[in-house]
Amino acid sequence: MESDNDTQISEFLLLGLSEDPELQPLIFGLFLSMYLITVCGSLLIILAVSSDSHLHTPMYFFLANLSFADICFTSTTVPKMLWNIQTQSQVITYAGCISQMYFFILFGGWDDFLLTVMAYDRFVAICHPLHYTVIMNPWLCGLLVLVSWVISVLNSLLQSLMVLRLSFCTEVEIPHFFCELNQVVGQACSDMFLNDMVMYFATVLLGLAPLPGILYSYFKIVSSICQISSIQGKYKAFSTCASHLSMVSLFYCTGLGVYLSSAAPQSSHSGAVASVMYTVVTPMLNPFIYSLRNRDIKRALKRIVGIPVI
């Protein structure tokens with residue numbers, strides 16, 4: 001019996017954000033800066049949470065996991081892009097492309113689930129404050145992170161295995177700066193119907209399904225805040241979830257914008273440019289959103305770095 005991928009190729013070509021040689025140094029410097037800011041900012045948050053006993057709470061435990069996921073999320077795409085620009089190459093091996101796709105889906109999905117878990121944590125803290133420590137016990141927090149990780153791993157494994165069954169033509173050019181699932185599947189020469197069905201089903205089930213839970217949590221949170229009599233009490237309650245709400249808005253709005261724009265007529269590189277928002281910019285902004293709006297994080301960072309954090 002012949003394999004489905006009998007026309008197997010050994011490498012793909014990543015066309016990147018632009019093929020203009022004069023723009024490559026600018027793109028390299030910009031993405032290197034954003035990557036270093038993301039990694040350093042997320043590492044500082046992880047260090048702050050782990051070193052300050054006052055931050056050993058469910059909210060900051062989830063935040064540390066989210067910061068770790070952000071580091072891994074950007075590390076699956078940006079370093080390879082920087083390497084290709086530096087070496088003036090567009091090549092990524094077939095195995096490298098599948099691996100990049102696997103880890104990108106894995107950590108992107110984990111990001112999504114962690115945002116949902118954090119919304120539930122804020123829901124319990126605001127709406128059931130007297131039972132918070134009982135409900136959000138260490139065992140449940142660890143279980144929520146573990147289940148999120150396992151589901152993300154299984155989904156990523158399924159999507160990657162589905163790509164392995166496809167065959168590709170001899171010259172595959174991906175108009176992107178990384179091996180994005182839609183782009184790779186779209187380059188296949190074999191039947192893509194089953195892949196499309198699995199991909200769309202997973203997107204709806206794992207990508208969009210958590211959104212109603214987040215919206216419901218914040219609906220109940222806003223309702224509870226409105227019942228607080230004092231303005232100071234309302235501000236204090238809202239300030240504990242404002243950072244997370246900002247991050248959820250960034251993640252979903254940029255990601256949804258990319259996939260909605262992909263349905264419209266556009267140039268070959270415009271989709272890749274739009275993807276920069278949720279793959280690079282959003283993880284870079286997350287440390288700033290949490291550190292600038294959170295006095296506990298700022299106090300811990302001040303003790304670590306030895307200088308005030310504005």
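Scope of the values below: all heavy atoms of this structure, side chains included, with no hydrogens, waters or symmetry mates.
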- Query: Testing D121, T57, N137 for side chain to side chain donor-acceptor pair (under 3.5 Å) with Y132, which one passes?
  - Reply: D121

- Would you say the side chain of T76 lies within less than 4.5 Å of the side chain of M101, judging by non-hydrogen atoms? no

- Query: How many angstroms lie between atom CD of Q183 and atom SG of C97, to the nearest 0.5 angstrom?
  - Reply: 11.0 Å

- Query: So, does Q24 use its side chain to make a donor-acceptor pair with the main chain of D20 at under 3.5 Å?
  - Reply: yes

- Item | Shortest non-hydrogen contact between V280 and T74, atoms and distance | CA-CG2, 4.4 Å

- Test side-chain contact (heavy atoms from CB on, under 4.5 Å) applied to L215 - qualifying residues, sequence neighbours left out: L211

- Message: Show every ring-ring contact (aromatic ring centres under 6.0 Å, His included) that has at least one partner inside residues 23-76, sequence neighbours left out.
- Response: F31-F177, F73-F104

- In terms of hydrophobic clusters joined by side-chain contacts under 4.5 Å, are L114 and Y216 together? no

- Query: Which heavy atom in N65 sits nearest to a heavy atom in V145, and how many Å separate them?
  - Reply: OD1-CG1, 3.6 Å

- Query: Between V184 and F168, is a side chain to side chain contact (heavy atoms under 4.5 Å, CB included) present by the stated rule, with each step listed?
  - Reply: CA-CA 9 Å; V184 174; F168 295 90; 3.9 Å; yes

- Derivation and outcome, side chain to side chain contact (heavy atoms under 4.5 Å, CB included), residues L194 and R165: CA-CA 10 Å; L194 185 58; R165 61 179 289 275; 4.2 Å; yes

- Nearest-0.5 Å distance, CG of residue D70 to CE of residue M284: 11.5 Å

- How far does CD of Q159 sit from CE of M199, to the nearest 0.5 angstrom? 7.5 Å

- Honestly curious: do L157 and M162 fall in one hydrophobic cluster under the side-chain, below-4.5 Å linking rule? no

- For L285, the side-chain contact (heavy atoms from CB on, under 4.5 Å) test, sequence neighbours excluded, returns L250, V281, I289

- Message: Would you say V172 ends up clustered with V91 if hydrophobic residues are merged whenever their side chains have heavy atoms under 4.5 Å apart, either directly or through other cluster members?
- Response: no

- Note on the structure: Given the options I297, L55, I46, L63 meets side-chain contact (heavy atoms from CB on, under 4.5 Å) only with I297

- Item | Whether S190 side chain and S167 backbone form a donor-acceptor pair below 3.5 Å | yes

- Output all residues satisfying disulfide bond (SG atoms under 2.5 Å apart) with C40, sequence neighbours left out; order by chain, then residue number. none

- Task: Please collect all ring-ring contact (aromatic ring centres under 6.0 Å, His included) contacts where either partner lies in residues 108-127, sequence neighbours excluded, each pair once.
- Result: W110-W149, F123-H128

- Item | Point-to-point distance, once rounded to the nearest 0.5 Å, from CD of Q187 to CE of M192 | 9.0 Å

- Any donor and acceptor pair, going by atom type alone, linking the side chain of S50 with main-chain N or O of L47 inside 3.5 Å? yes

- Message: I need the minimum non-hydrogen distance between P287 and T38, along with the two atoms involved.
- Response: CG-O, 4.4 Å

- When rounded to the nearest 0.5 angstrom, what is the spacing between OG in S275 and CZ in F178? 5.5 Å

- L14 versus E173: any side-chain heavy-atom pair under 4.5 Å? no

- Message: Count I, L, V, M, F, W, Y as connected when their side-chain heavy atoms are under 4.5 Å apart, and connections chain through other members. Are I105 and L158 then in the same cluster?
- Response: no

- Query: Is the shortest heavy-atom distance from the side chain of S10 to the side chain of Y94 under 4.5 Å?
  - Reply: no

- Query: Any idea which heavy atoms bring P129 and C127 closest together, and the distance?
  - Reply: CD-C, 3.4 Å

- Task: Flag the pair V248 / M118 as yes when at least one side-chain heavy-atom distance between them is below 4.5 Å, and no otherwise.
- Result: no

- Query: Would D111 and L66 count as a side chain to side chain contact (heavy atoms under 4.5 Å, CB included) if you check the C-alpha gap in whole Å, the side-chain angles of each, and the deciding distance to 0.1 Å?
  - Reply: CA-CA 6 Å; D111 246 329; L66 185 70; 2.7 Å; yes

- Query: With side chains defined as the heavy atoms from C-beta onward, is the minimum distance between Q86 and L82 less than 4.5 Å?
  - Reply: no

- From CD1 (I27) to CG (L30), nearest 0.5 Å: 8.5 Å

- Query: What is the minimum heavy-atom distance between G96 and T93, and which atoms define it?
  - Reply: N-OG1, 2.9 Å

- Pairwise side-chain contact, I174 with C179, heavy-atom cut-off 4.5 Å (strictly under): yes

- Taking the side chain as C-beta and beyond, is there a heavy-atom pair between C141 and M136 under 4.5 Å? yes

- Note on the structure: Shortest non-hydrogen pair, Y218 vs A119, comes out as CE1-CB, 4.0 Å

- Is there a donor-acceptor pair closer than 3.5 Å between any side-chain N or O of S156 and the backbone N or O of S152? no

- Query: Would L13 end up clustered with L181 when hydrophobic side chains under 4.5 Å apart are linked, directly or stepwise?
  - Reply: no

- Over 12 foreign heavy atoms within 6.0 Å of NZ, K220: no

- Does T77 reach the side chain of M81, with side-chain heavy atoms less than 4.5 Å apart? no

- What residues form a disulfide bond (SG atoms under 2.5 Å apart) with C72, not counting sequence neighbours? none

